[in-house]
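In this chain, numbering begins with 1 at the start of the sequence shown.
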Amino acid sequence: MIEIAWSHFTPWSALAGGVLIGLAAAAFLLLNGRIAGISGILGGLLVPGRGDIAWRLAFLLGLVGAPAAWLLAAELPPIEINAGYPALVIAGLLVGVGTRYGSGCTSGHGVCGLSRLSFRSLVATLSFMGAGFVTVYVIRHVLGV
């Protein structure tokens, strides 16, 4: 289980994060003509097209490097994950399979697709969220894990 440090949460930091994600996704679309869907960018590295590797690696390195850049200015909020590695690996694989079946993930459909008023992205995002709610309910309240 992932614990959220609510004492570090502020509406302003959440708003600033949302604005930055929106601006970055819009800039990526305007400057590159591509959707900033993480699963698609990562999946494209598995079967790369010609001239398709550098920008994908740069994007992913930016995602990984962002916390390091943040550390130059402030301390990262504490994160506590109470799940074992097998559960994390299984969860990651299920998310990967789900994003392939859904033709994208929450960043592609939820951030980029909804902002473009895509009905397909609305259905996908509602499906992701609904599946997440049901999964948490079953795991916590039915299985008692």
Side-chain angles (χ1 to χ4, degrees), residues 1-83 85-141:
M1 176 185 328
I2 297 176
E3 297 290 330
I4 298 173
W6 289 106
S7 62
H8 290 73
F9 174 81
T10 66
W12 295 111
S13 64
L15 177 63
V19 167
L20 286 174
I21 289 171
L23 287 174
F28 194 68
L29 180 62
L30 291 171
L31 298 175
N32 296 317
R34 297 181 183 270
I35 300 295
I38 308 306
S39 63
I41 292 171
L42 182 60
L45 283 176
L46 299 177
V47 185
R50 187 178 191 146
D52 219 24
I53 294 176
W55 72 267
R56 291 178 190 275
L57 284 176
F59 191 97
L60 294 173
L61 287 174
L63 286 177
V64 174
W70 179 269
L71 280 173
L72 296 174
E75 184 177 324
L76 288 172
I79 298 173
E80 183 178 336
I81 301 173
N82 296 326
Y85 285 110
L88 292 174
V89 168
I90 291 170
L93 289 173
L94 288 173
V95 168
V97 170
T99 59
R100 298 312 294 172
Y101 279 115
S103 298
C105 58
T106 51
S107 60
H109 284 297
V111 174
C112 300
L114 290 180
S115 65
R116 294 182 305 123
L117 303 176
S118 166
F119 181 73
R120 182 183 102 156
S121 291
L122 175 64
V123 171
T125 303
L126 290 174
S127 300
F128 300 155
M129 298 305 291
F133 295 150
V134 168
T135 301
V136 168
Y137 180 82
V138 168
I139 288 176
R140 286 193 177 175
H141 301 289

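Proximity of Arg34 to Trp55: side-chain heavy atoms (C-beta onward) are separated by under 4.5 Å at one or more points. Put simply, the side chain of Ile35 does not reach to within 4.5 Å of the side chain of Phe28, judged on heavy atoms. Taking the side chain as every heavy atom from C-beta outward, Leu29 and Cys112 never approach each other to under 4.5 Å.
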- Candidate pair Trp12 and Leu15, rule side chain to side chain contact (heavy atoms under 4.5 Å, CB included), full reasoning: CA-CA 5 Å; Trp12 295 111; Leu15 177 63; 3.7 Å; yes

- Message: The test is side chain to side chain contact (heavy atoms under 4.5 Å, CB included); show your working for Val123 and Ser127 and say whether it passes.
- Response: CA-CA 6 Å; Val123 171; Ser127 300; 4.2 Å; yes

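In terms of modelled atom types and a separation under 3.5 Å, the side chain of Thr125 and the main chain of Ser121 share a donor-acceptor contact. Remark: side-chain polar atoms of His109 are paired, donor with acceptor, to backbone N or O of Ser103 under 3.5 angstrom. Panel note: side chain Arg56, backbone Gly40; a donor-acceptor pair is recorded below 3.5 Å.
Scanning both residues, Phe128 and Gly104, for their nearest heavy atoms gives CZ-O, 3.4 Å. Heavy atoms only, all atoms of each residue included: Leu71 and Glu75 are closest at CD2-CA, 4.4 Å. A pairwise comparison of heavy atoms in Ala83 and Ala87 identifies CB-CB, 4.3 Å as the closest pair.
In this structure, CD1 in Ile53 is found 7.0 Å from CG in Leu45, a value given to the nearest 0.5 Å. Summarising the geometry, atom CD1 belonging to Ile41 is positioned 7.5 Å from atom CG belonging to Leu63; distances are rounded to the nearest 0.5 Å. Distance check, rounded to the nearest 0.5 Å: CG of Leu122 to CG of Leu117 gives 10.0 Å. Interatomic distance, Ile139 CD1 to Thr135 OG1, rounded to the nearest 0.5 Å: 6.0 Å.
Taking Leu94 as the reference, Ile90 meet the side-chain contact (heavy atoms from CB on, under 4.5 Å) condition, with sequence neighbours excluded.
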